[in-house]
Amino acid sequence: MPGNRVGVCGEFFKGWYIAMPERCKIVVVCGPTATGKSDLALGLARAFSGEMVGADSMQVYAGLTVGTAALTAEMAGGVPQHLVGFLPPEQVFSVADYVRAAHEAIKEICARGRLPVVCGGTGLYIESLVKGLSFTEEKVPPETRAALAAEWEQAGGAAMLEKLAALDPEAAGTLHPNDKTRILRALEQVQHTGITKGKRAQRSLPAAPPYDALCIGLDFQERAALYAHINARVDDMMDGGLLPEAQRVYENRDSYKTAAQAIGYKEFFPYFAGEAPLDACVEKLKQATRNYAKRQLTWFRRMPDIHWLLREDAACEENARQMVASFLAGAE
RNA sequence: GCCUCUGUAGCUCAGUUGGUAGAGCAGUGGACUGAAAAUCCACGUGUCGUUGGUUCGAUUCCGACCGGAGGCA
């Protein structure tokens with residue numbers, strides 16, 4: 001099997017030949033929801049003796065398989081799966097946590113001589129992983145954030161943006177006064193570390209990407225087809241036991257901080273609160289999922305080097321397999 | 001049968017004391033570096049139900065007709 005070997009190649013540096021490990025090859029399957037990423041990735045993992053690595057901010061949580069459309073161990077049928085369903089829903093998780101854990105998993109898979117197949121729909125996670133962004137251990141204390149949030153309520157966005165402009169004019173110039181999340185984040189960062197957003201971005205980006213990655217994107221030719229699949233999948237989820245899962249999330253919404261904002265649960269909150277009929281919530285869920293798929297598309301379209309495959313194409317899976325085969329065979 | 005209300009953007013509805021109209025949602029495009037399935041930005045011409053009349057000018061006023069909702073017999 002043409003998996004990864006930790007072979008030895010090297011380069012000449014000031015006349016010295018330095019041995020270094022061969023870059024690890026990974027396959028990435030991305031794209032909007034409901035395009036069949038998981039199935040494709042699973043097929044590739046089977047064909048090339050690979051292991052799955054999730055790249056999904058909500059599938060990391062345990063016990064939320066229906067709503068997040070995560071592969072269960074049975075569905076994976078013996079193919080190892082990493083970073084899926086491993087976290088208690090009470091825990092918060094972040095890109096930084098993800099990237100750290102994913103690098104670890106990939107390293108181990110490569111060491112076993114197997115192929116990591118990264119699969120998921122969270123653009124931020126995938127891009128950060130593939131680019132090899134580094135995040136410091138240090139965290140901003142929650143009090144700082146709380147204080148700034150309180151200040152926002154008093155002063156408003158425009159004032160806070162001005163405040164940011166005094167400390168980090170470059171970042172302030174790129175932000176809109178309504179963009180609360182980013183203004184507050186930029187503020188807490190300069191306040192706490194004294195490092196501006198731009199400087200941070202510069203430092204987090206490595207000289208070269210850490211992996212030799214083949215990115216495969218999945219989409220439908222027609223937007224209408226994507227939306228039709230989304231609608232149908234929501235109906236399938238309802239048949240598959242989404243409601244009880246959503247009720248559990250509803251009852252724990254205060255402790256499931258991140259998980260409670262997942263699409264597929266929060267849309268049912270009005271139903272559980274007795275404020276809306278069930279079918280209205282189902283419609284809302286379909287709507288929210290369509291909106292989300294569109295956002296995912298704008299993220300992935302922007303990423304360079306994605307090889308797009310169309311779901312309508314009967315040879316879609318076959319093409320993917322050939323791409324991976326020649327990727328693994330090719331001298332890097 | 002009579003009375004009242006109603007017909008405006010894909011949907012829900014504002015509005016024009018007569019000078020051809022605008023919100024929310026949807027849709028489309030974009031952004032995104034520690035909550036990202038989150039968050040944020042940009043984009044608004046549609047025979048103003050049909051048809052006559054009044055008027056320099058009607059989506060707006062008047063009439064008739066067609067559709068919808070309610071009330072009284």
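Residue numbers start from 1 in every chain, and the chains themselves are labelled A, B, ... in the order their sequence lines are given, proteins ahead of strands.
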Should the pair A:Y125 and A:Y98 be assigned to parallel (<30°), tilted (30 to 60°) or perpendicular (>60°) ring geometry? parallel
For RNA chain B, whose closest nucleotide is more 5', that of A:R295 or that of A:F300? A:F300
Considering just the side-chain nitrogens and oxygens of A:R200, establish if one lies under 4.0 Å of OP1 or OP2 belonging to B:G34. no
B:A38 phosphate, OP1 or OP2, under 4.0 Å from A:K257 side-chain N/O: no
Provide the distance between the two P atoms, one in B:U60 and one in B:G52, to the nearest whole Å. 13 Å
Between P of B:A35 and CZ of A:R185, the distance in whole Å: 6 Å
Using the side-chain heavy atoms of A:T136, tell me which of these nucleotides is nearest: B:G34, B:G27, B:U33. B:G34
Atom-to-atom span, CD1 of A:I263 to P of B:U39 - whole angstrom: 9 Å
Nearest whole Å is fine: how far is B:A35 C1' from A:D97 CG? 11 Å
May I ask you to say what A:V92 touches in the nucleic acid, namely base, sugar-phosphate or nothing, with a heavy-atom cut-off under 4.0 Å? nothing
Starting from C1' on B:A36, measure out to CZ on A:F135 and report it in whole angstrom. 12 Å
Using a heavy-atom cut-off of 4.0 Å across all strands, would you classify A:R301 as base, sugar-phosphate, or nothing? sugar-phosphate
Donor-acceptor pair, A:K286 side chain versus A:R233 backbone, under 3.5 Å? no
Ignoring backbone atoms, establish whether A:S94 has a side-chain N or O less than 4.0 Å from OP1 or OP2 of B:A36. no
N/O donor-acceptor pair under 3.5 Å between A:E267 side chain and A:G264 backbone: yes
Distance, P atom - from B:G34 to B:A21, rounded to whole angstrom: 45 Å
Verify, without hydrogens or angle tests, whether A:E51 (side chain) and A:I109 (backbone) share a donor-acceptor contact under 3.5 angstrom. no
Closest to the 5' end of RNA chain B, once A:A96 and A:G121 are matched to their nearest nucleotides, is A:A96
Report yes or no: is there a donor-acceptor pair, N or O only, under 3.5 Å between the side chain of A:S128 and the base of B:U33? no
Take the protein atom CE of A:M160 and the nucleotide atom P of B:U39, then report the distance between them rounded to whole Å. 19 Å
Selected nucleotide, minimal atom distance to A:T68 side chain, candidates B:G29, B:A37, B:C40: B:A37
Side-chain contact check for A:Q261: nearest option of B:A36, B:A31, B:C40 is B:A36
A:H82 side chain to A:M52 main-chain N or O, any donor-acceptor pair under 3.5 Å? yes
I'd like to know if the side chain of A:D97 reaches the main chain of A:S94, judged simply by a donor and an acceptor atom lying under 3.5 Å from each other, with no hydrogens or angles considered. yes
C1'-based separation of B:G7 from B:C11 [nearest Å]: 15 Å
Nearest to the side chain of A:N178 - B:A35, B:G34, B:C41? B:C41
Give me the distance, rounded to whole Å, that separates B:U6 from B:C61 when you measure between the P atoms they each carry. 10 Å
Phosphate OP1/OP2 of B:U28: any A:R223 side-chain N/O under 4.0 Å: yes
Please name the residue in the list A:V29, A:D39, A:L214 that meets the side chain to side chain contact (heavy atoms under 4.5 Å, CB included) test with A:L44. A:V29
Is it true that a side-chain atom of A:K266 and a backbone atom of A:Q261 form a donor plus acceptor pair closer than 3.5 Å? yes
By nearest atom, which of the nucleotides B:G29, B:C40, B:A36 is closest to the A:K294 side chain? B:G29
Per-nucleotide pairing state of RNA chain B [Watson-Crick or G-U, under 3.5 Å; [ ] pseudoknot-crossing; | other strand]: (((((((..((((.....[..)))).(((((.......))))).....(((((..]....)))))))))))).
Between P on B:U33 and OH on A:Y98, what's the gap in Å once rounded to a whole number? 18 Å
Using the C1' atom as the reference point in each nucleotide, state the distance between B:G15 and B:G71 in Å, no decimals. 28 Å
Hey, does the side chain of A:R290 come within less than 4.0 Å of B:A26's phosphate (OP1/OP2), counting only N and O? no
Which whole-number value in Å describes the distance from A:W299 CH2 to B:A31 P? 10 Å
Measuring only the C1' atom in each nucleotide, how far is B:A37 from B:U12? A whole number of Å is fine. 27 Å
Options B:C40, B:U39, B:U28, nucleotide nearest the side-chain atoms of A:R182: B:U39
Result block: side-chain N/O donor-acceptor pairs under 3.5 angstrom for residues 157-169 of chain A, not counting sequence neighbours:
unit_1: A:K163; atom_1: NZ; unit_2: A:E151; atom_2: OE1; d: 3.2
unit_1: A:K163; atom_1: NZ; unit_2: A:E151; atom_2: OE2; d: 2.8
unit_1: A:D168; atom_1: OD1; unit_2: A:A171; atom_2: N; d: 3.2
unit_1: A:D168; atom_1: OD2; unit_2: A:K197; atom_2: N; d: 2.9

With C1' as the reference atom in both, quote the distance from B:U51 to B:U59 in angstrom, rounded to an integer. 14 Å
Roughly how far apart, to the nearest Å, are B:G29 and B:C62 at atom P? 46 Å
Base, sugar-phosphate, or nothing for A:Q59, non-hydrogen atoms under 4.0 angstrom? base
Ignoring hydrogens and angles, are the base of B:A26 and the side chain of A:N291 linked by a donor-acceptor pair under 3.5 Å? no
Ignoring backbone atoms, establish whether A:Y227 has a side-chain N or O less than 4.0 Å from OP1 or OP2 of B:U28. yes
Looking at B:A36, I'd like to know if its phosphate oxygens (OP1 or OP2) sit under 4.0 Å from a side-chain N or O belonging to A:Y125. yes
Between A:K180 and B:C40, does any side-chain N or O lie under 4.0 Å from OP1 or OP2? no
Is it true that the NZ or CZ of A:R253 lies under 6.0 Å from the centre of A:Y250's six-membered ring and within 45 degrees of the ring axis? yes
Which part of the nucleic acid does A:E267 contact within heavy-atom distance under 4.0 Å: base, sugar-phosphate only, or nothing? nothing
Is there a side-chain hydrogen bond (donor to acceptor under 3.5 Å, both in side chains) between A:Q322 and A:E318? Walk through the geometry before answering. CA-CA 6 Å; A:Q322 283 184 10; A:E318 177 55 31; 3.1 Å; yes
Within the structure shown, what part of the strands sits under 4.0 Å from A:G264 by heavy-atom distance: base, sugar-phosphate, or nothing? nothing
Side chain of A:Q287: nearest nucleotide among B:A37, B:U28, B:A26? B:A26
Between A:Y256 (OH) and B:A38 (C1'), how many Å, whole number? 19 Å
Just checking A:T122: base, sugar-phosphate only, or nothing, at a heavy-atom cut-off of under 4.0 Å? sugar-phosphate
